[in-house]
Amino acid sequence: MPADRSRPPRRPSRVAGFVVVAVLLGLAGWIAADLRPPEPLAVDAPAEQFSAGRAFAHVEEIATGVRVPGSAATDRVVDDLVDTLSALGLDTRVQNAVGAVRTASGETRMARVQNVVGVLPGADSTGRIFLTAHHDSVETGPGAADDAAGVAAVLESVRALTAGPLLRNDVVVVLTDAEEACSCGAEAFVDSHPLAAAGGVVLNLEARGTRGPPIMFETSSGNAGLAEAYAAAAPHPVATSFAVEVYRAMPNFTDFSVFLADGGFTGLNTAFIDGAAGYHTPQDVPERLDRGSLQAMGDNALATARALGNADLTALARPEADDATYFPVLGELVRYPGRLVWPVAGGALAAVALLVLVVARRGISSLRRTIVGTLLAAVPLVLAPLAAQGTWLLLVAIRPGYGQLLDPWRPGWFRLACVAVVATVVLTWFALLRRRVGAVPLVVGGLVWLAALAGVLAAVAPGGSYLAAWPALAGALTGLLAAATPSRVVRLLAALVGGAVAVAVLAPTVVLFLPALGLSSAAAPAAVAALLLVALLPALDLLFPDETEHRPRAVAAVPAAVLGLAVACTGAGLAVDRFDATHPVPSRLAYVLDAGTGQASWVSTEGSPGDWTAGYVGSRFELPVDYPYLGGDVWSGRAEAADLAPADVETVSDTLVGGRRELTVRVTPQRSGVRVVVLDLRVDGGTVVGARIGGRAVPEEELGGDRVWIVFHAPPEDGLQASVSLEGGGAAELRVIDVSDGLAGLPGFEPRPDGVDAAGAHSTDVVLVAGTTPLG
Ligand SMILES: [Zn+2]
């Protein structure tokens, strides 16, 4: 063997290094661009295709204003939806029902709902496909994206389906009510609609923003077959099994959760999530909706419905043993069965272990130095997310309105800045240590962390293991190649190939995770970006002068350049993203009146009140009695009592039956526009053993104590009837809080100035009036 065996491989020129890094940056840019939604098709697109132009006409018809359950706007939209589906030949009915849901926080919410349900029968059905979206909006905005866009995508998809050959399976369209209130429409459908009884495959369309690629982010468990069907069918598949893991760990709740909780359904949940600043706000108007997002969502829904519509649904409508791993790579979904997660992670661990041994044997980095490098490689992985989060805190300090936002209105420059901050941390760390510790121990140390993370994720969140496993495996194998030969070309190629794999696997997650969590939670996407940069160290090392040369300026220039980029991007972001009438600062203000004491308050749930809100509230404390949406510490200020009557409580009957007190009351709001009634019933020392409200039994979990708290949406105009069975105890009292929308006309209220608007929250722009009635 030649004598130079133990020498480190010769170093390629820095120019070649710049070329390699430029190619990798170009690849990352291509990947980011490729994730963008397609151009929307016009209204005259071929009949069998999905046209965002045609769908957008539905959005404009639906999203003319707020559509809360029980409202006149909802009645109108429900009629229109029935007409549209009926005209397409679907047998379409309105399901009038009361839904009841227990939230993750243990609150019982109920709503009187109107679901629109239409059936397109199949030629030889093996099961049912449910196309679902919600037609209601939040009370704070018209919900053009959330979820008029989903409804429109369903309508236009069904139109395209009816323009083509008959499908094999039944397609059931379910346009639900009251998703924003409590997912009570979906609950009522699943609970009592005959078409739900046999279950099936649900394709749910949602939005958590106004633009961006629709992401298939949530699945039923055992998703292998459905993920495969989706990947094969969807023309713009943006999906990652990592999102499924993240979502399963979060307390979020949509209609899809209700279908899954039932146990009889499998399915896929899709949403576009960028443009979160407009989410649930008055700014979620049709003009803000990205028609490309609508096109992509519709294209995917239509193609998936066609594929599943002609498949044998027997197996797909049941959970399988396996969750698939899948992720986007340049317009395709790479996917493999969950049983391969451990072999891939194990392969990464084995390859990195082999690399550690080979560099030690070849004298490139001793075992001890590799251990030191590994310990030091933890530093940027911890510091980079902190630096990214710190950058956001700095932005909030500069522009306090950001404190109310999940993500800025125009986050583009800030996202680049976030990645540049991560790169600054990684490159500064590398620049400081590479001469002292050596580049190879640091590079290998980074791979050790990636491989270890692949193993940990394989155990706790298998759908996310790929993120660390493939970059570690590619980094280790190309590292072995580079260590095996002194060839500069091979070393360049190794850095290029290992880096390209890391970019292909991790860059889409950085690009999708930034809008998913928003810059207000920049630490999480920054952690993924830090993993990517650590995986890119073999390529980034080529930007630096040879380790043996003492050229501190050339070394410092690399992180300094990236720091300059971070500062420039931050400055550009601040210049571009200013608050104005259509990009307002969100604010939260509610009005609370206790009719018993005549005391009124302004209340805000803002973390630290903005200028406008501070004009109403000045002190922070917990409200002395419970109000919906205003739990915990809030900001409050004294308000003038308005002439607002509390709901009337009339005892309909009060009898003793077999030792139980059976009590029926009718609660009738006395002011117009009451959207929600909260019933807070207490019985001194007794037990509430049963309750029916609005004709629907209250969930058992609410019962068994001396108090029930039920939030009921869309109470009937002639009053809400509530019957309770009480065991033991003495006096009972019913506190009723009724909720209406809009603060205009209240004494002392001044409308917001331009550039300030209502936040997308249940706790703002509501009037709550409480009254207590003793019940015998
Ligand atoms: Zn929604």
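Ligands are counted one by one from 1 in listed order, and the atoms in each one are counted from 1 as well.
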Problem - Residue Asp255, metal the Zn ion (ligand 1), N/O/S under 2.8 Å - result: no

Problem - Short N/O/S contact of Asp146 with the Zn ion (ligand 1) (below 2.8 Å) - result: yes

Practice task
Could you tell me if the ring centre of Tyr326 sits under 6.0 Å from that of Tyr230?
Solution key: no

Practice task
Please determine which of Thr304, Asn204, Leu205 meets the side-chain contact (heavy atoms from CB on, under 4.5 Å) test together with Thr270.
Solution key: Leu205

Exercise for the section: Kindly give the atom name of the N, O or S atom of His134 closest to the Zn ion (ligand 1). Expected result: NE2

Practice task
Using modelled atom types only, decide if a donor and an acceptor are shared between the side chain of Asp136 and the backbone of Glu179 within a distance under 3.5 Å.
Solution key: yes

Problem - Over all atoms of both residues, closest heavy-atom pair of Ala759 and Thr140 - result: O-CG2, 3.6 Å

